[in-house]
Amino acid sequence: MKKIVLIASLVLLTAMEVNAQQIKVITSVESIVPSGLGRSRIVDAQEEKNFGEYTSTQTEEDNTRNKSKRGDIRVKNFEETKLLNFYNIAGIRFQNIAANDAVISSKLTSMIQDGWELMFVTSGVEADAGGDDGQGIFITRYIFKKE
């Protein structure tokens, strides 16, 4: 009887350990479009998706394409926090950058207070590619985990 209780306890602890860790990604997108015409936001998905539903495996014998529909992949429930653009009509606006820092800091602090631990931060830029481009974003992904 003791062995059964011990084995059941170990199985239960192992199952809890496997399901205990969650990952959450928060993304900030800051416009670097001249004249302040872009949109800047913090985006936080409020629903979960199972990647397996949108994944196919290609093999030599079976190279069937993934048939997932874009509408099924899209998240319809998300939190969107407005940020300011890096530029206004006069050029780069440092006050906007400071304001964004304050709002992003508030979001990250809130996440940490809710029990999330910041694991990684990664960022990238798609900058103006020439005189006629007029496009550009600075994107940062904050990757959190929770036990």
Side-chain angles (χ1 to χ4, degrees), residues 8-147:
S9 297
L10 287 173
V11 169
L12 182 61
L13 286 173
T14 303
M16 289 175 65
E17 189 67 31
V18 170
N19 295 324
Q21 196 171 61
Q22 300 173 354
I23 302 295
K24 185 161 184 70
V25 178
I26 304 296
T27 302
S28 65
V29 179
E30 296 174 274
S31 171
I32 54 176
V33 175
S35 301
L37 298 175
R39 296 186 334 160
S40 299
R41 303 284 189 273
I42 298 172
V43 180
D44 179 355
Q46 300 295 301
E47 63 185 71
E48 294 183 15
K49 293 287 184 173
N50 179 350
F51 80 95
E53 295 177 22
Y54 317 109
T55 303
S56 62
T57 303
Q58 302 288 315
T59 65
E60 213 171 295
E61 296 80 31
D62 180 11
N63 61 356
T64 306
R65 290 185 54 223
N66 187 320
K67 303 291 184 182
S68 300
K69 295 183 176 149
R70 292 177 184 265
D72 294 337
I73 299 170
R74 283 195 177 92
V75 170
K76 295 174 180 69
N77 300 311
F78 63 96
E79 180 181 84
E80 181 181 81
T81 304
K82 189 169 185 174
L83 296 172
L84 300 174
N85 297 330
F86 281 176
Y87 290 95
N88 64 11
I89 292 181
I92 193 163
R93 179 92 168 146
F94 294 105
Q95 189 176 31
N96 289 4
I97 294 169
N100 288 358
D101 289 350
V103 174
I104 291 168
S105 294
S106 173
K107 175 65 177 176
L108 298 180
T109 299
S110 175
M111 295 287 299
I112 291 167
Q113 289 172 344
D114 288 344
W116 293 96
E117 178 185 343
L118 183 61
M119 291 177 22
F120 304 104
V121 178
T122 184
S123 60
V125 176
E126 190 287 311
D128 189 21
D132 295 331
D133 184 354
Q135 303 285 328
I137 61 169
F138 183 80
I139 186 169
T140 305
R141 288 218 161 100
Y142 305 90
I143 302 168
F144 291 87
K145 75 174 179 177
K146 188 186 241 185
E147 298 293 330

Without placing hydrogens or testing angles, list every side-chain donor-acceptor pair under 3.5 Å for residues 111-120, not counting sequence neighbours.
none

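Counting non-hydrogen atoms of other residues, nucleotides and ligands closer than 6.0 Å to CD1 of Ile89 gives a total of 12 or fewer. By the 6.0 Å contact criterion, NZ on Lys76 is enclosed, its count of non-hydrogen atoms from other residues, nucleotides or ligands being greater than 12.
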Determine, step by step, whether Leu84 and Val103 satisfy the side-chain contact (heavy atoms from CB on, under 4.5 Å) criterion, reporting the C-alpha distance in whole Å, the side-chain angles of both residues, the deciding distance to 0.1 Å, and the verdict. CA-CA 10 Å; Leu84 300 174; Val103 174; over 6 Å; no

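Under the 4.5 Å side-chain criterion, counting only non-hydrogen atoms from C-beta, Phe138 is in contact with Ser123.
Expressed to the nearest 0.5 Å, how far CD1 of Ile42 lies from CD of Glu30 amounts to 8.0 Å. Between the CD atom in Glu79 and the CG atom in Asn77 there is a gap of 11.5 Å [rounded to 0.5 Å]. If you take NZ on Lys24 and CD1 on Ile143, they are separated by 13.0 Å, rounding to the nearest 0.5 Å. Summarising the geometry, atom CG belonging to Asp101 is positioned 12.5 Å from atom OG belonging to Ser106; distances are rounded to the nearest 0.5 Å.
Remark: Asp62 engages Thr59, Thr64 in a side chain to side chain contact (heavy atoms under 4.5 Å, CB included) (not counting sequence neighbours). The side chain to side chain contact (heavy atoms under 4.5 Å, CB included) check on Lys49 picks up Glu47, Tyr54, Val75, with sequence neighbours excluded. Not counting sequence neighbours, the partners of Glu80 by the salt bridge (charged side-chain N to carboxylate O under 4.0 Å, His left out) test are Arg41. Asn88 is linked by a side chain to side chain contact (heavy atoms under 4.5 Å, CB included) to Ala90, Arg93, counting only residues two or more places apart in sequence or in another chain.
Using a distance-only test at 3.5 Å, with no hydrogens or angles considered, no donor-acceptor pair links the side chain of Asp44 to the main chain of Ile26. Judged purely by atom type and a 3.5 angstrom limit, Asn96 uses its side chain to pair as donor or acceptor with the backbone of Asn85.
Across Ser31 and Ser40, no two heavy atoms sit closer than the pair N-OG, 2.7 Å. Between Phe144 and Leu108, the shortest heavy-atom contact is CZ-CD2, 3.5 Å.
Screening residues 136-145 for side chain to side chain donor-acceptor pair (under 3.5 Å), with sequence neighbours left out, gives Thr27-Arg141.
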